[in-house]
Amino acid sequence: MNAEQRRGDVESVQSAARRLGVCPRTARRMIADGRLPSYRIGDRLIGAQRADVDALVRRAT
């Protein structure tokens, strides 16, 4: 998978938090403790792959 394809599959922490039904701070905690894998996009931006967020949503329901 090249960088362009990966970027299309990665969403922001804020977007992931909305889909998970949690606040962005909680989503960041989930990233920090390893429950939600994350990827650095550029120097400062962190995102999560949509498939990883989907898996967490399925586990939560």
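Along the sequence shown, residues are numbered consecutively beginning with 1.
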S.K.: With the side chain counted from C-beta on, respond yes when Asp52 and Tyr39 share a heavy-atom pair under 4.5 Å apart, and no when they do not.
M.R.: yes
S.K.: Can you find a heavy atom in the side chain of Leu56 that is under 4.5 Å from one in the side chain of Met30?
M.R.: yes
S.K.: Flag the pair Arg28 / Val13 as yes when at least one side-chain heavy-atom distance between them is below 4.5 Å, and no otherwise.
M.R.: yes
S.K.: Would you compute the distance between atom CD of Gln14 and atom SG of Cys23 and round it to the nearest 0.5 angstrom?
M.R.: 11.0 Å
S.K.: What's the shortest heavy-atom distance between Ala16 and Glu11, and which atoms?
M.R.: N-OE1, 3.5 Å
S.K.: Taking all heavy atoms of Ala27 and all of Leu36, pick out the closest pair and write down the distance.
M.R.: O-CD2, 4.4 Å
S.K.: Any heavy-atom pair between the side chains of Leu45 and Arg40 that's under 4.5 Å?
M.R.: no
S.K.: Are Leu20 and Val10 joined in one hydrophobic group, where the rule is that I, L, V, M, F, W and Y side chains link up if heavy atoms are under 4.5 Å apart?
M.R.: no
